[in-house]
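Beneath this line is the structure, given in structure tokens, with notes to follow.
The figures that follow rest on heavy atoms only: side chains count, while hydrogens, waters and symmetry mates do not.
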Number of protein chains: 4
Amino acid sequence: MNIAFLGLGTMGLPMAINLLNAGYAVHVWNRSPAPVEKLASLGAKVATTPDDAVKQADIVLSMLADDDATRAIVLDAQVLASLRPGVIHINMATVSVALATELADSHREQGIDYLAAPVLGRVNVAEAGQLNILAAGDAAALTTVQPLFDVLGGKTWHIGERPEQANAVKLAVNFMIASAIGTMGEAAALVRGHNASAADFLELATSTVFSAPVYQGYGLAIAEERFEPAGFKLSLGLKDVRLAQAAAEQVNVPLPLASTLSDAHIESLAHAEGHLDWAALSRTSARRAGQA
Amino acid sequence: MNIAFLGLGTMGLPMAINLLNAGYAVHVWNRSPAPVEKLASLGAKVATTPDDAVKQADIVLSMLADDDATRAIVLDAQVLASLRPGVIHINMATVSVALATELADSHREQGIDYLAAPVLGRVNVAEAGQLNILAAGDAAALTTVQPLFDVLGGKTWHIGERPEQANAVKLAVNFMIASAIGTMGEAAALVRGHNASAADFLELATSTVFSAPVYQGYGLAIAEERFEPAGFKLSLGLKDVRLAQAAAEQVNVPLPLASTLSDAHIESLAHAEGHLDWAALSRTSARRAGQA
Amino acid sequence: MNIAFLGLGTMGLPMAINLLNAGYAVHVWNRSPAPVEKLASLGAKVATTPDDAVKQADIVLSMLADDDATRAIVLDAQVLASLRPGVIHINMATVSVALATELADSHREQGIDYLAAPVLGRVNVAEAGQLNILAAGDAAALTTVQPLFDVLGGKTWHIGERPEQANAVKLAVNFMIASAIGTMGEAAALVRGHNASAADFLELATSTVFSAPVYQGYGLAIAEERFEPAGFKLSLGLKDVRLAQAAAEQVNVPLPLASTLSDAHIESLAHAEGHLDWAALSRTSARRAGQA
Amino acid sequence: MNIAFLGLGTMGLPMAINLLNAGYAVHVWNRSPAPVEKLASLGAKVATTPDDAVKQADIVLSMLADDDATRAIVLDAQVLASLRPGVIHINMATVSVALATELADSHREQGIDYLAAPVLGRVNVAEAGQLNILAAGDAAALTTVQPLFDVLGGKTWHIGERPEQANAVKLAVNFMIASAIGTMGEAAALVRGHNASAADFLELATSTVFSAPVYQGYGLAIAEERFEPAGFKLSLGLKDVRLAQAAAEQVNVPLPLASTLSDAHIESLAHAEGHLDWAALSRTSARRAGQA
């Protein structure tokens, strides 16, 4: 079984390595050369263009940066046009519901299965092969690729038969993360307003009622006002909230909390904080209260 | 050391029992008789009026329902007027920052220490003596009463020297809970809008990124649309969000997420859902999307 | 017919003068002496205490600053207790729906008619006797006092039989004004963001689609960034929005736009702009966009 | 001077007629034939394709439905490609700031002046040649076309040198209209909640403080709950709010009121009210309060 892997970024790189280590033959392509060399040294075959990478593939995995990159590679750079009928394309990136629907349709027209399988987990989880994989698409195709998911992830969640459903779920999770961060920011401002320690408050909250990793990680960053280097950039957080809003609007679901959150993100960008870690969203709450 | 305990509701009852079991002499008073009888059988001395309960007390603990009940008992029913100088009054209820400030002032005028010590944890945690206690007030007085906190709680968090700071922190935590519930409600509506399973989504989210008790409890209720019997009523949730907003406004801290949440709660009340469990807030998100 | 007039502030003063000029016998009281002297010179009888002013009155008009002042004078300073059965009390101030209800009840218990008659219009309109009067209460009592309304106002609008209904309507109008100001602030920030002239835009909007006095007045202040002296203070604007929200919450009506507006006002206060004219709310929109 | 006019919809038709009546030679094109015949009978030359209509034009006016239609005709259907250097293209439709920027760039590359000149006013105002024209672009080109604007409008407002600035201003005005409607909806719900007449309240507000045409028109529709036939569809209102939000986000300007409004519109769509008049936005406020 020949695998093509497109997009060796922060997440794609360890995922591709895990596939190689599991004994799969992997053709790789990436826009920039550094990660490609790394994989070549581990036995991957290197393609110089995306369409070249996929020509002999039975299964294509793509993990490209965003909608634009995915569209540019899959559609404009002829990846889809190069696939033979019967191939399965698994898009593991976080893309919009609209693009997922469009890609599912265009793949179907060529007799190719398109699966969406966005993931939960940061780089270290990807390295450990313990990602949570949110998979949706044709049931038979999902069965076929499950061995790959078992290499990449700790658990595969079957979301539904339409690929975009997995993207909707992924975006719903990311919206929840944005809300957790934004809520901590407002709560910290309230506590600070009464001259109590926001750091103590956040330690208290995230070691009791909110003892979940996402709260602890972002809570600590807010407590320490440590926003560089960015683990995940605030500007990317806005992108994800926007994708969640678009996914919701498409099916007439109002999300007032998401709207409130996206306004806060825009305000962060207006104050040149988009490059900071997502936790820096808390600065907008502080600034509004005259605390910053 | 004589202890008076006022207010034997769901939380106050197990707390008073724990103090008795730890060997303290406890004078109790409660508006309704049932819990009083239970405590009398365990050795508590029973007072028929609040002021009678506190006359010989060295330390008064109160755990009354809300601002109105606290004001009615402590001020109108002459509890404060009955205390001797040197007594310490620990208010463990969730009350407004404004009332805490007012009570701290009026106690100080009479030479009485007023401590705020609201708690985190449901009934079973109270029974186990494992509450998280958020304590604020005079440092010496806090040291004096620490043995009592050690009976009632697993951990005492010192918030500051002004009692109302503990109330501000407690309200900040409750606002965060409201936000978690409201966010799950919106996210579930988004997922449902794409014909994916909200229950599966909530299981996924609350067993991975959001694996905290508060998400799991309310998430399951939302997933199963099980809102009765109410563990904590939606109408009380609104009361807490309102108290958080008031605490914030008092120090000029805008809380747009709290505002968005209180609008959703009011909408729930307009649809006669205030008696349901707080998780029923999710129905408003569903209704707005035409899903209910 | 003896008239007592309580509260000779910016609005009360010209109203009392108009009643004197129309030939009515008016007993006046005011907390500070300056306006009292003015009225004495015009023939008013001067009372040194509020209860003294109303003792012989057939009709009492009050125009006190806010809820607190109204409560202090009408209830605490024994005005109500001094009224004979059959007297009509017309409260023309903007007070909360809750206070209106409470006052209506307490007056009824003493056999006194309580009417609410808040007004629309600034000082110059009051001077001209051209106020819009929003009147509610007992129909017969309203008929009795109509000659007074005809002196004070250009038009009397009958709102309903319960006094608080007039206050609800008045607060609804003031919420609309807040929204108009807040909306111009956001729209101006949008235009400014594209390097177009906010002043030209506001002139355009308020001389075409929005050619109403409230838009033109506040629009010009926003355009010129002229916020002092304050025609109506931003902090009082917040008070009115809060009263509208309270009136709405009491009957389970969510007002998300009002919530968004009150957050903006709080943010203005956090930046020490509460003393500026209500139009300064626009600065918060500019600040959020990094324009200020 | 040869004029081409593309898009003879509700607004375009009377505008083209006015140009003919003023003596201009006008080539017209429209997707559907009915309005074309009408214009032919008045002396217009009829083109069967858009590119045919513009081939000999010195000035092209387009008034197409939206971004998609504009893009389809101007770019895909070769209108731009058919223009000679020196031609001036005036786009009078309400399109996105992003499209305006893109069109300005692509026209410039071909040596063609692109002006944006969206208008304020309904059909009857267009018929009367009394539109307010918001014009932006190259100053010399604007001077050249002013005689046409004088035929079509009562007043031309010069917004700036970059065409998209006029679109930003137009969208800011439309956002203000959305806010006026949404605010009346909330205020009416508040008044209704106190069992007072929303119709009387709206008459009062729109004949006093808010005596502007936009309030009177939409206010009357809300008062009478008369939402069909739609003067301007709610779904198109959402489109305009969205364009305003996009224009703002592009320059990092948060618009919380616009966000609150777009959520309300989405909720209207979720309840199948998108085809109703924009005034039907008020039904969402009523529904949230349990009044509908």
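Contact count versus chain A (heavy atoms, under 4.5 Å) is highest, among B:Leu261, B:Thr206, B:Thr208, B:Leu171, for B:Thr208. Heavy-atom pairs under 4.5 Å with chain A were tallied for B:Gly160, B:Ser259, B:Ala244, B:Pro254; the largest tally goes to B:Pro254. Contact count versus chain B (heavy atoms, under 4.5 Å) is highest, among A:Gln250, A:Glu161, A:Gln165, for A:Gln165. Most heavy-atom pairs under 4.5 Å with chain B, from the set A:Leu134, A:Val173, A:Val209: that is A:Val209. Chosen from A:Pro213, A:Ser197, A:Gly185, A:Ala247, the residue pairing most often with chain B at heavy-atom distances under 4.5 Å is A:Ala247. In terms of non-hydrogen atom pairs under 4.5 Å with chain B, the most contact-rich of A:Asn132, A:Leu120, A:Leu255, A:Leu257 is A:Leu257.
Pairing each heavy atom of A:Ala212 with each of B:Ser211, the nearest pair is CB-N, 3.8 Å. Across every non-hydrogen atom of B:Val253 and A:Gly193, the tightest pair is CG2-CA, 4.3 Å. In plain terms, the two heavy atoms of B:His194 and A:Arg162 that are nearest each other are O-NH2, 3.2 Å. Residues A:Pro256 and B:Thr260 come closest through the heavy atom pair CB-CG2, 3.6 Å. Residues B:Leu190 and A:Ala168 come closest through the heavy atom pair CD2-O, 4.3 Å.
For A:Leu204, the parts lying under 4.5 angstrom from a heavy atom of chain B are both the backbone and the side chain. Proximity to chain B involves both the backbone and the side chain of A:Val169, based on heavy atoms less than 4.5 angstrom apart. For chain B, the nearby parts of A:Ile177 are the backbone and the side chain; heavy atoms of each come within less than 4.5 Å. Both the backbone and the side chain of B:Glu203 come within less than 4.5 Å of a heavy atom in chain A. For A:Ser285, no part sits under 4.5 Å from any heavy atom of chain B, backbone or side chain. Neither the backbone nor the side chain of B:Thr101 comes within contact range of chain A; no heavy atom of the residue lies under 4.5 Å from a heavy atom of that chain. Neither the backbone nor the side chain of A:Asp263 comes within contact range of chain B; no heavy atom of the residue lies under 4.5 Å from a heavy atom of that chain. Looking at A:Asn252, the atoms closer than 4.5 Å to chain B (heavy atoms on both sides) all sit in the backbone: N, CA, C or O. Using a 4.5 Å cut-off between heavy atoms, B:Val214 contacts chain A through both its backbone and its side chain.
Within the 4.5 Å cutoff, no side-chain heavy atoms of A:Asp200 are placed close to those of B:Ile159.
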TODO: Go through A:Phe201 and B:Met176 one step at a time and tell me if the side chain to side chain contact (heavy atoms under 4.5 Å, CB included) criterion holds.
DONE: CA-CA 12 Å; A:Phe201 157 66; B:Met176 286 178 64; 3.6 Å; yes
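Within a 6.0 Å radius of NZ in A:Lys233, no more than 12 heavy atoms belonging to other residues, nucleotides or ligands are found.
Note on ring orientation: taking the six-membered ring where Trp is involved, the planes of B:Phe210 and A:Tyr215 are perpendicular (angle over 60°, cut-offs 30° and 60°).
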